[in-house]
> 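This is the structure, below, for whatever I ask next.
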Amino acid sequence: SAVISQKPSRDICQRGTSLTIQCQVDSQVTMMFWYRQQPGQSLTLIATANQGSEATYESGFVIDKFPISRPNLTFSTLTVSNMSPEDSSIYLCSVSGTAEAFFGQGTRLTVV
Amino acid sequence: GNSVTQMEGPVTLSEEAFLTINCTYTATGYPSLFWYVQYPGEGLQLLLKATKADDKGSNKGFEATYRKETTSFHLEKGSVQVSDSAVYFCALSGSAGRRALTFGSGTRLQVQP
């Protein structure tokens, strides 16, 4: 299993600003995943973060808006840039084991 | 690509009623299938899983059987409790493993006393 710590757990931000979310895993993993859960919606994959290479973004998500860092095998950050109210969501970090995925508690972001 | 289709909610049941939440999927190869639960104000928790055809996942009275012939993974519970009120997500991962999950839209379950 894997234990994932995500910070901050929640934040209220002004539009136009940026927020960086941190994700720490208690074991080394090759891939880390970032998801977004908009209010009342399911989870949508934003990007896959690989250590030592650029993140791979899903359709509809771009690096300028959601830059990701992956400095080592246990840590990643996701930045939500130039925020607007439409970015208000829960952002979740995840890693996959051999048979299941593990999730952080999520970051509840409200943009005002 | 992979996709998961879940029955829409909300589903409202009385305590001790039988629950079924339908889930069907489209995938190449042999995906692993999951049910995750999200209780109000909490994060995602794995409820149960099945990694190959005909496997039955079970936990906390919930069950789901991996049916390859019908590409389904329906969630069932014989007698629901108020504490089961939550949002339930069906999900799959690619056959290569260690990949991101594809989620269904989620089904909100409300159990009334």
Side-chain angles (χ1 to χ4, degrees), chain A residues 1-10 21 23 25 27-51 55-61 68 73 76 78 89-108 110, chain B residues 1-10 21 23 25 27 30-52 55-59 64 66 73 86-110:
Chain A
S1 66
V3 176
I4 301 174
S5 301
Q6 218 176 303
K7 292 193 297 187
S9 58
R10 60 177 64 229
I21 303 167
C23 178
V25 187
S27 57
Q28 294 184 338
V29 292
T30 305
M31 289 187 285
M32 296 175 73
F33 306 98
W34 288 98
Y35 291 85
R36 181 176 72 182
Q37 186 180 19
Q38 294 178 297
Q41 302 295 315
S42 187
L43 282 77
T44 302
L45 181 65
I46 297 171
T48 302
N50 300 298
Q51 196 272 332
T56 304
Y57 289 82
E58 299 299 303
S59 176
F61 298 96
I68 288 171
L73 290 172
S76 178
L78 170 76
S89 296
I90 299 173
Y91 292 86
L92 296 107
C93 172
S94 173
V95 301
S96 288
T98 52
E100 66 182 271
F102 304 94
F103 289 85
Q105 285 297 100
T107 297
R108 184 179 295 273
T110 303
Chain B
N2 296 337
S3 67
V4 177
T5 303
Q6 258 181 267
M7 67 185 286
E8 292 194 12
I21 300 177
C23 171
Y25 68 90
Y30 303 95
S32 295
L33 301 174
F34 308 88
W35 278 99
Y36 281 84
V37 59
Q38 188 174 41
Y39 297 102
E42 298 186 15
L44 272 178
Q45 301 175 27
L46 178 66
L47 180 61
L48 54 84
K49 65 185 179 188
T51 57
K52 61 183 187 298
D55 268 2
K56 177 185 284 189
S58 61
N59 186 25
Y66 188 144
F73 193 55
V87 181
Y88 293 82
F89 293 95
C90 185
L92 68 82
S93 70
S95 56
R98 299 187 182 275
R99 294 231 179 130
L101 299 183
T102 299
F103 284 87
S105 56
T107 303
R108 181 176 298 278
L109 170 66
Q110 297 175 313

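From a predicted model like this one, the values you see are computed outputs, not experimental measurements. Reckoned from all heavy atoms, side chains included, excluding hydrogens, waters and symmetry mates. Protein chains get the first letters and strands the later ones, always in sequence-line order, with residue 1 at the start of each.
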> If every non-hydrogen atom of A/Gln37 is compared with every non-hydrogen atom of B/Phe89, which pair is closest and at what distance?
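Closest heavy-atom pair between A/Gln37 and B/Phe89: NE2-CZ, 3.5 Å.
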> With rounding to the nearest 0.5 angstrom, report the OH to CZ distance, A/Tyr35 to B/Phe103.
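These two atoms lie 5.0 Å from each other.
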> Name the region of B/Gln38, side chain, backbone, both or neither, that has any atom closer than 4.5 Å to a heavy atom of chain A.
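Looking at B/Gln38, just its side chain touches chain A.
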> Could you report the tightest heavy-atom contact between A/Ser42 and B/Ser105, atom names first, then the distance?
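Nearest heavy atoms, A/Ser42 then B/Ser105: CB-CA, 3.6 Å.
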> Pick one of side chain, backbone, both or neither for A/Gln105, based on which atoms fall under 4.5 Å of a heavy atom in chain B.
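Both the backbone and the side chain of A/Gln105 come within 4.5 Å of chain B.
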> In a check of side-chain contact (heavy atoms from CB on, under 4.5 Å) between A/Glu100 and each of B/Leu48, B/Thr51, B/Leu101, B/Leu46, which one passes?
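With A/Glu100 as partner, side-chain contact (heavy atoms from CB on, under 4.5 Å) holds for just one option, B/Leu46.
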> Side chain, backbone, both or neither: which part of A/Leu45 has a non-hydrogen atom closer than 4.5 Å to chain B?
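For A/Leu45, side-chain heavy atoms alone lie under 4.5 Å from chain B.
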> Mark yes when over 12 heavy atoms from residues, nucleotides or ligands other than B/Gln45 sit less than 6.0 Å from its CD; otherwise mark no.
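Yes.
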